[in-house]
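This report concerns only the one structure given below.
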Amino acid sequence: MGTQRRHAPTVVAASLLVLSAALPALAGSASMRETMFSVLLAIGLAASLNILLGYCGYASFGHVVFFGIGGYAGFYLVAVQGAHLATAIAGGGLVAGAFAAGLGAAILRLRGPHFALATIGVNEAVKALIVNIEPLGGPTGMNLNVSVFRAYGGAAGMLWAAYGTAAAIAVGAVVLGGLVRTSRFGLGLLVIREDEDAAAVLGVVAWRYKVGAYVLSAVFPGMLGALFFFKQGVIEPAGAFRLDLSVELLVMVMLGGAGTVLGPLVGAGSYQLLRSGLLTSDLEVLGVRIRDVQLAVAGALLLLVVQLVPAGLVGWARGRWLALRSRPA
Amino acid sequence: MWSETLLASTVDGLLIGVVYGLAALGLTLIFGVMNVVNLAHGPTMTLGMFGIYLSATKLGLHPFAGLVLVAAGGLLLGVGIYVVAVKRVIDAPHLASLLATFSVNLMIVGVATAIFSTSFRNLSHDLGVLRAGPIAVPGTRVAAALLAVAVAAALQVFLTRTRLGKYVRAVAANRAAAELVGIPSARVLALSFGIGTMLAATAGGLIALSLPFTVLSGGVYELKSFVIVVLGGLGNPLGALVGGVVLGLIEGIVPVFARATWVPVLEYGLFVLILLVRPSGLLGGGR
Amino acid sequence: MILHLHRVTKAFGGLVAVRDVTFAVAPGQIAGLIGPNGAGKTTLFNCINGVVPITAGRVELDGRAISGLPPHAVARLGLARTHQIVRPLKELTVRENTIAGACFGRERHGLKAAARLADEALERLELSSLAAVPAGNLTIAMKKRLELARALAAQPRLLLLDEVLAGLNATEVGQMVRTIRSIRESGVTIVMIEHIMHAVMALSDRVLVIDRGTLIADGEPKAVARDPAVIAAYLGKPSEPADADQDGVSPEAPR
């Protein structure tokens with residue numbers, strides 16, 4: 001396994017991401033930029049979740065908690081402390097990572113549905129807690145004064161700056177996913193995913209690997225949260241800890257292929273483009289506007305993926321490729 | 001005066017808690033039998049709410065007659081969900097069944113939103129007010145709680161006294177062994193999912209008797225059901241009822257002492273804590 | 001002594017699965033561990049590598065107490081094992097499985113060094129041609145070999161083999177016996193649970209017999225085979241244990 005071949009998926013993914021992220025800038029299109037912003041955001045989140053879900057096999061249903069916490073940390077830094085966006089993003093990532101380290105040490109002892117339920121509970125508990133914290137704006141949240149954006153070239157300039165930053169973070173998350181996948185650490189995670197008890201017998205210190213994966217999967221979502229809510233100019237508990245977004249992330253990773261480097265990119269990209277396509281479509285089927293039932297269409301799609309291609313698009317393609325290669329054996 | 005408020009809140013919490021318990025019973029039954037956490041649980045409750053609402057407003061049925069319709073519909077819906085979404089992934093890793101049932105969740109919410117929008121509905125069925133000393137409770141709440149207890153009791157009788165119910169318990173205890181002695185496990189699994197869904201839909205209907213709701217309300221109650229089944233122990237039917245009452249009491253009593261916004265903090269905090277220190281639930285031991 | 005068990009007892013609630021077992025294995029030995037089904041052999045392995053905590057007694061590896069250590073710590077001290085019910089990492093390839101053995105075992109190699117060791121181990125077990133195949137797709141016999149390759153890639157000092165011969169045909173048994181011998185010749189100490197009598201008798205320097213959790217015999221294969229207590233407890237009736245014509249001399253049904 002040469003170094004070049006080992007890193008090929010990462011290089012492909014990063015290049016693909018950089019190229020597609022450049023499109024709106026080249027076209028100078030603001031609407032394209034906003035669509036791509038949501039795609040990049042989803043890719044960054046899905047690639048992060050993939051480290052825990054895909055490599056380590058732990059299905060975090062409440063992963064959005066790191067997005068929300070990072071969002072709140074960053075927003076607080078900007079709105080109250082007057083910090084720069086860069087500081088806010090670093091702070092968001094740091095706080096999310098630190099939270100994951102503490103939380104992971106506790107809840108990664110749980111397996112299967114118990115772990116999934118615990119992550120949901122944590123997300124809801126944090127959301128409910130923030131509602132009660134007045135310095136963070138309580139139930140109504142916080143607002144940014146528009147004048148803050150002046151330092152970033154006004155509202156329009158800020159939007160492009162945020163877009164570029166989102167692209168950079170998304171590339172970072174995908175590259176991190178690739179590096180982990182091809183590392184010794186990543187192999188340890190895969191072993192845990194396959195059989196945690198056997199992993200221990202092989203000498204893998206499971207809890208250390210799991211907490212490591214949890215922290216790595218939380219940092220970029222924290223950074224993206226800080227960026228996203230800065231761009232929005234508002235943050236409130238209901239919007240920061242959206243469980244439905246959390247589950248959508250799982251869907252994206254599964255759609256693309258959990259445990260693969262390209263999977264989150266393919267899954268998040270196609271899912272987001274499909275969603276935005278459905279949302280703006282005037283297509284009618286049997287007198288029903290598809291736009292009105294886009295959620296149901298997304299559900300039907302997920303059902304098909306889970307039932308027919310559980311390995312996801314990339315996983316399926318890779319399986320075909322491996323089968324072809326190992327045929328003589 | 002203060003103690004009267006407390007008493008009234010306790011009764012209130014108890015009554016709604018029993019209904020929560022019935023919903024959670026549906027969730028825990030499905031988990032107990034086939035190890036699947038049903039993420040379509042909430043929307044099923046929503047459908048129960050709309051079922052009873054529509055049968056009253058469109059068909060002019062009495063809400064209790066509507067409830068029978070809701071229960072029957074819930075049973076069929078559950079069997080349908082099982083066949084379409086769950087059957088093929090039942091032995092796959094947990095994530096597959098979680099996502100399969102969540103896809104059903106999305107489909108129900110998507111279609112229901114398109115039809116009903118997300119505005120509030122209110123059945124406002126009035127059964128008067130029951131008074132006992134200083135306590136006054138709406139009759140619908142009492143009726144809902146009593147019906148919930150009756151349904152739970154009927155389930156207990158079904159599970160322990162009928163052949164089919166014993167099949168369900170056998171499959172829950174050991175599916176492979178049940179198959180070996182000739183129990184048609186495929187049909188029993190479908191039936192169990194149907195019953196679990198029926199309980200959720202019925203509980204939704206009971207909630208709609210006295211509380212306003214939207215298409216998205218089911219999601220809120222789904223989270224409550226998660227908390228309850230964990231309190232009671234995943235897969236433990238009695239635990240679900242006890243957990244429901246505990247949750248109802250927390251919701252009833254805590255606001256007497258603190259701001260109501262602390263209730264969910266306490267609920268979910270407790271939820272995570274129990275998962276960590278007592279994963280088999282307050283009563284210990286599942287099934 | 002590389003492995004020393006001192007009065008090891010394991011009770012599950014009221015059930016004593018291993019009772020007061022004491023023995024020691026010298027470096028470079030192959031010790032055969034035999035006994036009827038349910039005698040506590042696999043439980044004893046689990047006690048040695050820390051999968052289950054022992055109730056009483058002490059386990060030493062190279063003079064160092066390892067009882068009470070978690071399995072991963074025991075693995076890092078140079079103990080590797082295979083499982084009676086094979087546990088391949090199904091979605092990883094045969095090569096990745098073996099690399100994992102090398103990576104997290106005694107030496108904790110980086111990926112490159114681990115890959116080299118893995119390739120050697122695969123070569124040795126004649127699995128090289130299957131390196132890119134997902135482990136879940138292998139036949140049982142191949143999975144058994146993979147378990148051994150993975151354990152070997154960890155460069156253990158002590159190797160616990162749990163029924164690596166069960167389910168193999170006569171030719172495969174012959175191959176495996178040669179492989180095990182060559183592993184010992186490379187300096188690895190081996191304790192093996194085995195039901196195929198002629199193989200145990202041929203391979204082992206000494207044989208330990210467990211019955212109902214208790215060690216009832218410990219000695220050279222020939223002596224143990226003649227031991228009346230062993231014949232009574234293990235075989236149920238007097239017979240010739242080293243019958244080369246049959247694999248299944250043992251009284252229980254083959255798995």
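Sequence lines set the chain letters: A, B, ... in the order given, protein chains first and strands last, and positions in each chain run from 1.
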Contact class of C:Ala100 relative to chain A, heavy atoms under 4.5 angstrom: both
Segment of A:Phe185 engaging chain C (4.5 angstrom heavy-atom cut-off): neither
Nearest-0.5 Å distance, CZ of residue A:Arg184 to CD1 of residue C:Ile99: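 CD1 of C:Ile99 is found 12.0 Å from CZ of A:Arg184.
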C:Lys90 side, atom NZ; A:Glu194 side, atom CD - distance, nearest 0.5 Å: 8.0 Å
Best-contacting candidate, A:Asp195, A:Asp197, A:Leu190, against chain C by heavy atom pairs under 4.5 angstrom: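 Top count of heavy-atom pairs under 4.5 Å with chain C: A:Asp195.
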Heavy-atom closest contact (C:Glu96 atom, A:Leu187 atom, distance): O-CD1, 4.2 Å
Closest non-hydrogen atom pair between C:Ala75 and A:Val201, with its separation: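 Looking at all heavy atoms of both residues, the shortest contact is CB-O, 3.3 Å.
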For chain A, the option from C:Arg106, C:His109, C:Arg81 that forms the most heavy-atom pairs under 4.5 Å: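 Most pairs with chain A among the choices: C:His109.
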C:Leu15 atom CG, neighbour heavy-atom count above 12 within 6.0 Å: yes
Intermediate values then yes/no, side chain to side chain contact (heavy atoms under 4.5 Å, CB included), A:Thr182 and C:Leu111: CA-CA 9 Å; A:Thr182 51; C:Leu111 278 181; 5.8 Å; no
Pairwise side-chain contact, A:Leu202 with C:Arg87, heavy-atom cut-off 4.5 Å (strictly under):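 Side chain of A:Leu202 against side chain of C:Arg87, heavy atoms only: no contact under 4.5 Å found.
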